[in-house]
Amino acid sequence: MKEKEIKTFYREYSNPAEMDESERMLIESASEAAGKAYAPYSHFMVGAAILLDDGTIVKGANVENAAFPSGSCAERTALSYAVSNYPDRWAVAIAITALSKGIMTSEPVPPCGNCRQMLLEEEQRIGKPVKVILAGTERIYVMQSSESLMPLHFNKTNLNL
Ligand code: THU
């Protein structure tokens with residue numbers, strides 16, 4: 001028997017001024033997107049902004065449904081739009097913010113497991129890391145790669161295709 005440890009790394013910023021201008025702009029875009037969420041059930045409005053390699057920013061918000069599982073998270077809304085409308089481009093970073101009862105959350109909101117799985121697929125599709133920026137008003141977390149969010153994940157190599 002071997003006991004193993006997995007370490008994951010992220011940066012925490014308490015002052016957005018320490019971040020790159022492009023990262024701050026992406027957070028701003030995510031906040032704009034959050035304001036357009038359709039979240040009549042949870043009232044939790046999430047926004048995601050994806051920076052593509054050519055500088056294009058693709059935004060998405062959560063879209064809920066009365067049949068709860070039919071809704072989509074903000075990250076998946078944005079990623080599906082990016083991959084289907086810009087198939088030759090790739091995501092270099094995603095920023096995520098959320099409004100709870102109309103107010104931006106103080107803590108960063110981490111993506112759910114389904115969204116992490118989709119971000120990982122994007123990393124594998126392009127063979128490059130997708131930076132993840134989780135922004136709250138009190139602090140901001142930055143992961144250099146989506147893989148940091150979900151070690152030991154299922155991926156195409158497990159399919160043995
Ligand atoms: N939500 C997201 O948009 N992204 C996540 O990663 C977690 C949750 C949405 C789904 C639902 O509309 C609302 O937040 C409450 O769970």
Minimal non-hydrogen separation, Phe154 against Gln117, with atom names: O-NE2, 2.7 Å
Look only at the side chain of Asn155 and the backbone of Thr157, and say whether a donor-acceptor pair between them is shorter than 3.5 Å. yes
Smallest separation among heavy atoms of Glu147 and Glu123, with atom names: N-OE1, 3.4 Å
Going by atom types alone, do Glu122 and Ser146 pair a side-chain donor with an acceptor below 3.5 Å? no
Return yes if some donor-acceptor pair links the side-chain N/O of Glu23 with the main-chain N/O of Ile133 below 3.5 Å, else return no. no
Taking all atoms of both residues into account, what is the closest heavy-atom pair of Ser14 and Pro16, and its distance? O-CD, 3.8 Å
Would you kindly confirm whether Met19 and Val130 end up in one hydrophobic cluster when ILVMFWY residues are joined by side chain heavy atoms under 4.5 Å apart? yes
Determine whether Ile140 and Leu149 fall in the same hydrophobic cluster, where Ile, Leu, Val, Met, Phe, Trp and Tyr are linked whenever their side-chain heavy atoms lie under 4.5 Å apart. yes
Those residues at least two apart in sequence (or on a different chain) that pass side chain to side chain contact (heavy atoms under 4.5 Å, CB included) with Arg11 are Tyr13, Val142, Gln144
For residues 43-55, run the donor-acceptor check on the side chains, cut-off 3.5 Å, and write out each pair with its distance to 0.1 Å, sequence neighbours left out.
residue: His43; atom: NE2; partner: Pro40; partner atom: O; Å: 3.3
residue: Asp53; atom: OD1; partner: Arg89; partner atom: NE; Å: 3.0
residue: Asp53; atom: OD1; partner: Trp90; partner atom: N; Å: 2.9
residue: Asp53; atom: OD2; partner: Arg89; partner atom: NE; Å: 3.1
residue: Asp53; atom: OD2; partner: Arg89; partner atom: NH2; Å: 2.7
residue: Asp54; atom: OD1; partner: Thr56; partner atom: N; Å: 3.0
residue: Asp54; atom: OD1; partner: Thr56; partner atom: OG1; Å: 2.8
residue: Asp54; atom: OD2; partner: Thr56; partner atom: OG1; Å: 3.2

Measure across Ser148 and Thr8 and return the closest heavy-atom pair with its distance rounded to 0.1 Å. O-OG1, 2.6 Å
Are Val109 and Val63 connected in the hydrophobic side-chain network, where two residues link if heavy atoms are under 4.5 Å apart? no
For the residue pair Asn62 and Ala37, what are the closest heavy atoms and their distance? OD1-CB, 3.0 Å
Using the rule that two of Ile, Leu, Val, Met, Phe, Trp, Tyr join whenever any of their side-chain heavy atoms come within less than 4.5 Å, decide whether Met118 and Leu120 are in one cluster. no
Please report the C-alpha distance between Met143 and Leu134 in whole Å, then the side-chain angles of each, then the deciding distance to 0.1 Å, and finally whether the side chain to side chain contact (heavy atoms under 4.5 Å, CB included) criterion is met. CA-CA 9 Å; Met143 285 97 202; Leu134 311 176; 4.0 Å; yes
In the single-linkage hydrophobic clustering (I, L, V, M, F, W, Y; side-chain heavy atoms under 4.5 Å), do Ile94 and Val83 co-cluster? yes
Quick check against the 3.5 Å criterion: does Thr77 have a side-chain atom that pairs as donor or acceptor with the backbone of Ala61? yes
Donor-acceptor pair, Arg116 side chain versus Met150 backbone, under 3.5 Å? no
Under 3.5 Å, side chain of Ser145 to main-chain N/O of Pro129, donor-acceptor pair present? no
Please report the closest heavy-atom contact between Cys73 and Cys115, naming both atoms and the distance. CB-SG, 3.4 Å
